[in-house]
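Atoms within a ligand are numbered from 1 in the order they appear, just like the ligands themselves. Excluded from the calculations below are hydrogen atoms, water molecules and symmetry mates; all remaining heavy atoms, backbone and side chain alike, are included.
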Amino acid sequence: MKTNDIKTVTIIGAGAMGHGIAEVALIAGYKVFLRDIKQEFVDRGVSMLDKSLKKLVEKGKVTSDHYDKIQNELLKPCVDMKEAVQETDLVIEAIPEIPELKKQTFKELDQYAPSHTILATNTSSIKITDIASVTNRPQQVLGLHFFNPVVIMKLVEVIRGEKTSDETMDTAFNFCLKISKIPVRVEKDVPGFVVNRINAPAHVLRGCILDEGIALPEEVDALIRKEGMPMGPYELLDYVGIDTHYHILSYYAETIHPDFKPYQAIEKMMKDGNLGQKTGKGFYDWSKGKPKIDPAKATDKVDPMDITAVQINEATKLIEMGACTAEDIDKAMLYGTGAKVGPMTIAKDHDPKELTSRLERLSKAFNKEIFKPTQMIREGTYK
Ligand SMILES: NC(=O)c1ccc[n+]([C@@H]2O[C@H](COP(=O)([O-])OP(=O)(O)OC[C@H]3O[C@@H](n4cnc5c(N)ncnc54)[C@H](O)[C@@H]3O)[C@@H](O)[C@H]2O)c1
């Protein structure tokens, strides 16, 4: 199937991600079925979508004629799975991150959707190949990993499972362009895909900084804010949820390397039930609202280039594996994280010898194999 043959799209799950994906497809003019398991969940998704669309109308980004067309013609909220998929060309699943639930849903999708239909998952961590394996059309299954909030974040990682066909990859990639997103091809079904994978060793290094008593969360956050980021990394983890962070690190420890095992500080927070903003306490006290971070507290004991170096190292692992190109890595980090410069562009300004010795020093100091420089760094072939 070619991208122009896609007329109808189905979104499974009307939550935080699903309603946003439905919204961008509706804005692009697609007919969209939005399915959830209960009418009240469908209604909640439709009302979030409507609120966001109205803001876009106010800003002049969507015309009121198109808004009316979405309401009267294009948007089809529903609970019945058969109704949601029986005439659809592309399904994007955005239900909770529970492998068995996703697999059961893909079995149903495979059963009810027409044979030409592409089935995509917005999973953050489950292997695309595993989800595809329960269907009779693994060549038409892939990952379409959107970023939160969907309406604002431009990046979509387009992930190939072991059996995904070239045609499916191309059709889905071009669909992302049609809905005004910036797609990046991920050619290998690797844990974390691109953005989350590149950030993963940075989390480990920041964990070492806490566990070794080198600096406090506020001191690092003040430093990173000074560097121009809108939010510090620990502050961001309080928003995301310490439990979510813990489960992601545990998943990487199982699937990538034991060095990703959750660090002591995060183990303790889990034990104490300090899960971030939602419990009123995480790295910060949220009981009186947003924490105030004092810029004067920025640490001089952490070199931000150390954090960038482990990200560059991880990026070169993806290139060496053939998962992503250097250009696409930078594109992903720019549009998926709000970074101003991508890691592979930063790398070009750094001598391979300097990067190699920096990474060797970090690997030795914190006893982490994952910080060891790759062949690409050692040989300078990233230049
Ligand atoms: N939230 C994020 O920042 C983010 C970012 C990227 C990817 N993801 C991934 O997107 C997926 C959805 O995450 P979310 O944050 O939107 O979750 P959410 O909990 O906000 O929404 C999930 C929705 O799916 C519905 N649902 C459950 N079972 C269903 C079924 N069988 N059929 C239809 N609907 C069903 C739930 O009722 C709920 O409304 C997950 O796989 C997550 O890992 C999330």
Side-chain angles (χ1 to χ4, degrees), residues 9-24 32-49 52 76-85 88 91-113 119-128 130-131 134 141-159 176 181 183-184 186 191-197 199-200 231 236-241 243-252 276-278 332 335-338:
V9 179
T10 297
I11 312 299
I12 305 291
M17 299 302 286
H19 90 274
I21 302 170
E23 184 177 349
V24 290
V32 175
F33 285 87
L34 179 58
R35 191 249 169 177
D36 210 302
I37 41 177
K38 282 189 185 167
Q39 191 57 47
E40 63 188 280
F41 300 153
V42 177
D43 294 344
R44 185 183 56 192
V46 169
S47 111
M48 288 191 280
L49 193 160
S52 170
K76 307 279 178 200
C78 63
V79 172
D80 185 68
M81 183 64 129
K82 221 170 171 180
E83 180 193 343
V85 298
T88 201
V91 176
I92 305 174
E93 163 275 312
I95 66 172
E97 192 74 355
I98 304 167
E100 282 321 306
L101 185 63
K102 299 240 192 225
K103 285 187 185 169
Q104 181 51 41
T105 301
F106 269 74
K107 269 189 202 159
E108 282 177 54
L109 292 173
D110 191 35
Q111 187 184 346
Y112 295 127
L119 308 179
T121 171
N122 185 46
T123 180
S124 322
S125 61
I126 304 165
K127 262 181 103 80
I128 310 301
D130 289 350
I131 296 175
V134 303
V141 179
L142 82 166
L144 284 180
H145 187 222
F146 290 77
F147 286 70
N148 193 10
V150 178
V151 180
I152 293 170
M153 299 301 283
K154 286 275 176 199
L155 180 67
V156 183
E157 294 173 337
V158 181
I159 307 132
C176 292
K181 292 292 167 199
V184 156
V186 187
F193 312 132
V194 175
V195 169
N196 294 339
R197 176 66 178 259
N199 283 332
M231 207 187 275
L236 184 62
L237 289 179
D238 269 358
Y239 270 113
V240 169
D243 47 344
T244 304
H245 181 52
Y246 179 90
H247 293 308
I248 292 171
L249 286 179
S250 305
Y251 165 72
Y252 292 154
Q277 186 193 24
K278 62 188 169 193
Y335 294 103
T337 72

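- Among protein heavy atoms, atom 16 (O) of ligand 1 sits closest to M17 N, 2.8 Å.
- Under 4.0 angstrom from ligand 1, the non-hydrogen atoms of R44 all belong to its side chain.
- Put simply, no part of Q104 is less than 4.0 Å from ligand 1, judged by heavy atoms.
- Under a 3.5 Å cut-off, the side chain of E157 and the backbone N or O of P183 do not form any donor-acceptor pair.
- Taking all heavy atoms of A94, P149, P96, S124 into account, the minimum distance to atom 7 (C) of ligand 1 is reached by S124.
- Under the 4.5 Å side-chain criterion, counting only non-hydrogen atoms from C-beta, I128 is in contact with F193.
- Of all protein heavy atoms, the one lying nearest to atom 10 (O) of ligand 1 is N122 ND2, 3.0 Å.
- With hydrogens and angles left out, the side-chain atoms of T105 and E93 include no donor and acceptor closer than 3.5 Å.
- T337 places a side-chain heavy atom less than 4.5 Å from the side chain of N199.
- Nearest protein heavy-atom neighbour of atom 32 (N) of ligand 1: R35 NH1, 2.9 Å.
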Just do the salt bridge (Lys or Arg N to Asp or Glu O under 4.0 Å) check on D243 and K278 with the steps written out, would you? CA-CA 11 Å; D243 47 344; K278 62 188 169 193; 2.8 Å; yes
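- For the pair L49 and L34, the minimum side-chain heavy-atom distance is below 4.5 Å.
- Between V158 and C176, some side-chain heavy-atom pair lies under the 4.5 Å cut-off.
- When I37, I12, T121, D36 are ranked by how near their heavy atoms come to atom 38 (C) of ligand 1, first place goes to D36.
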Walk me through it: do V156 and H145 pass the test side chain to side chain contact (heavy atoms under 4.5 Å, CB included)? CA-CA 5 Å; V156 183; H145 187 222; 5.6 Å; no
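- Residue K102 approaches ligand 1 through these ligand atoms, each under 4.0 Å from one of its heavy atoms: 40 (C), 41 (O).
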Evaluate side chain to side chain contact (heavy atoms under 4.5 Å, CB included) for V195 paired with L155, printing each intermediate quantity in order. CA-CA 10 Å; V195 169; L155 180 67; 3.6 Å; yes
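- For the pair H145 and ligand 1, a heavy-atom separation below 4.0 Å is found.
- Assignment of K38 to the shell around ligand 1 is not supported, since no heavy atom sits closer than 4.0 Å.
- Taking the side chain as every heavy atom from C-beta outward, V134 and K102 never approach each other to under 4.5 Å.
- Under the 4.0 angstrom criterion, atom 19 (O) of ligand 1 counts as lacking any protein heavy-atom contact.
- With a 4.0 Å heavy-atom cut-off, ligand 1 is reached by the backbone of F146 but not by any atom from C-beta on.
- For E93, no nitrogen or oxygen atom sits less than 3.5 Å from a nitrogen or oxygen atom of ligand 1, counting backbone and side chain alike.
- Contact between G336 and M153 at its shortest, heavy atoms only, is O-CE, 3.3 Å.
- The pair E108-K82 fails the salt-bridge criterion, with no side-chain N (NZ, NE, NH1 or NH2) lying under 4.0 Å from an Asp/Glu carboxylate O.
- Of the heavy atoms in M81, none comes closer than 4.0 Å to ligand 1.
- Proximity to F41 (heavy-atom distance under 4.0 Å) selects the following atoms of ligand 1: 37 (O).
- Near T105, the atoms of ligand 1 lying under 4.0 angstrom from a non-hydrogen atom of the residue are 31 (N).
- With hydrogens left out, the protein atom closest to atom 21 (O) of ligand 1 is G15 CA, 3.3 Å, a heavy atom.
- At the top of the distance list for atom 15 (O) of ligand 1, counting protein heavy atoms only, stands A16 CB, 3.8 Å.
- Any N or O atom pair closer than 3.5 Å counts here, and I95 shares at least one such pair with ligand 1.
- Close N/O approach between N148 and ligand 1 is found [any backbone or side-chain N/O within under 3.5 Å].
- Annotation for ligand 1: atoms under 4.0 Å from non-hydrogen atoms of G13 are 24 (O), 33 (C), 34 (N).
- Remark: the backbone N or O of V150 is paired with a side-chain donor or acceptor of K181 at under 3.5 angstrom.
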